[in-house]
2 protein chains.
Amino acid sequence: MRAKRISRFEFQLLERLWELGPSSVREVQEALPPEHRPAYTTVQTMIYRLEQKGAVRRVKKTGNAHIFEAVLARTTVHKRLVADLLEMFGGSPASVMSCLVETGKLTLSDVRAIERELSKREKKL
Amino acid sequence: MRAKRISRFEFQLLERLWELGPSSVREVQEALPPEHRPAYTTVQTMIYRLEQKGAVRRVKKTGNAHIFEAVLARTTVHKRLVADLLEMFGGSPASVMSCLVETGKLTLSDVRAIERELSKREKKL
DNA sequence: GCATTTCTACTACTATTGTAGTATTTATAG
DNA sequence: CTATAAATACTACAATAGTAGTAGAAATGC
């Protein structure tokens, strides 16, 4: 059972599903930002593809509409994305962090929070 | 002047170029890991496409071979990749870091190194 | 100087992603 | 019950990404 690659836009749809919980195609479509909201059938196609990739499943029917939910947890997919990026960086998390710092997105307090999380974790082991 | 999207494999080729410095198609191809080394002309096509995207340029000729080099610095492209990922995470660097921590890739000393880098930077401003 | 090797330039094909139309089925309002 | 509204299932097509073959030009070995 392959964990197939999930494209950018597919990922956007998954985000909606995580946010909304089990939803119809219509609900997902309407949850997309108006400045980039493709046609209903476009969203439908994408959700069908996610289904084929095993990333989404039908859970029930409400009226004549299928209700879909994400199969994987958000954090699972997030971890995979980060792992992919990490691989592209030659496995060096320090360089990923450096980039975050240089784009000014990572503040000292972010880092201190992580540090606390980590010390806690290391104590447990 | 559009900064066009760079695909996974194109990124691999750029990595080789950054590593090797200005190189011929052959050199790039041979620098790829044997377990996934496509045909010479495949690499050639990709490099041509990178050229069209403005990510690579011809610098000279050696024998009958063109020598290519990356136009952008590695760190520039890395930053863009990280920025993209960050956007997918809703702009929250903390959640990116959490993922790194949870996959066990980020150690306490990595974090402390970053923290030092950041304090230094903040003092300068 | 010519044969051989190597590279280029071009073309081609498949898979994936993004986009949406159309025909049919299903539910729902009266 | 039937007209209508909505969703489905299916098909299609363009753009990008990945892969590679082929014809011909250019350098190289002798």
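To find a chain, count down the sequence lines: A is the first, B the second, and so on, and within it residues start at 1.
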Nearest whole angstrom, please: distance from the [atom2] of [N] to the [atom1] of [X].
X       : N      : atom1 : atom2 : result
A:Gln29 : C:dG18 : CD    : P     : 16 Å
A:Ile47 : D:dT8  : CD1   : P     : 9 Å
A:Phe9  : C:dT17 : CZ    : P     : 13 Å
B:Tyr48 : D:dA20 : OH    : P     : 17 Å
A:Gln52 : C:dA15 : CD    : P     : 14 Å
B:Ile67 : C:dT6  : CD1   : P     : 15 Å

> For A:Ser95 and A:Ser98, what are the C-alpha separation, side-chain angles and deciding distance, and is it a side chain to side chain donor-acceptor pair (under 3.5 Å)?
Replying inline: CA-CA 5 Å; A:Ser95 47; A:Ser98 282; over 6 Å; no
Has the side chain of [X] got a donor or acceptor that lies under 3.5 Å from a partner of the other kind on the base of [N]?
X       : N      : result
A:Thr41 : C:dG21 : yes
A:Gln44 : C:dA20 : no
A:Thr45 : C:dA20 : yes
B:Asn64 : C:dT6  : yes

>> Using the rule side chain to side chain donor-acceptor pair (under 3.5 Å), only one of B:Lys53, B:Arg5, B:Arg49 pairs with B:Glu10; which is it?
In response: B:Lys53
>> Once side chain to side chain donor-acceptor pair (under 3.5 Å) is applied, do any residues pair with B:Gln44, and if so which ones, sequence neighbours excluded?
In response: B:Tyr48
Measuring from the side chain of [X] (C-beta onward, heavy atoms only), which nucleotide among [options] has the closest atom?
X       : options                : result
B:Ser7  : D:dG18, D:dA20, C:dT17 : D:dG18
A:Thr42 : C:dA20, C:dA9, D:dA17  : C:dA20
A:Ala65 : D:dA17, C:dT17, D:dT8  : D:dT8

On the nucleotide [N], are OP1 or OP2 found under 4.0 Å from the side-chain N or O atoms that [X] carries?
X       : N      : value
B:Arg8  : D:dA17 : no
B:Tyr40 : D:dT19 : no
A:His36 : C:dG18 : no
A:Lys53 : C:dT17 : yes

>> Just to be sure I understand the rule, does B:Arg58 reach a base, reach only the sugar-phosphate, or reach nothing, if contact means heavy atoms closer than 4.0 Å?
In response: sugar-phosphate
> How would you label the contact of B:Arg49 with the nucleic acid (heavy atoms, under 4.0 Å): base, sugar-phosphate, or nothing?
Replying inline: base
Return yes if some donor-acceptor pair links the side-chain N/O of [X] with the main-chain N/O of [Y] below 3.5 Å, else return no.
X        : Y        : value
B:Thr42  : B:Tyr40  : no
B:Ser119 : B:Glu115 : yes
B:Glu69  : B:Val56  : no

> Looking at residues 15-22 of chain B, who's got a heavy atom less than 4.0 Å off DNA chain C?
Replying inline: none
> With a 4.0 Å cut-off, would you call B:Glu51 and B:Arg57 a salt bridge?
Replying inline: no
> How do A:Pro38 and B:Val25 order along DNA chain C: which one's closest nucleotide is nearer the 5' end?
Replying inline: B:Val25
>> Can you tell me how the ring of B:Phe11 sits relative to the ring of B:His78, calling it parallel under 30°, perpendicular over 60° and tilted otherwise?
In response: tilted
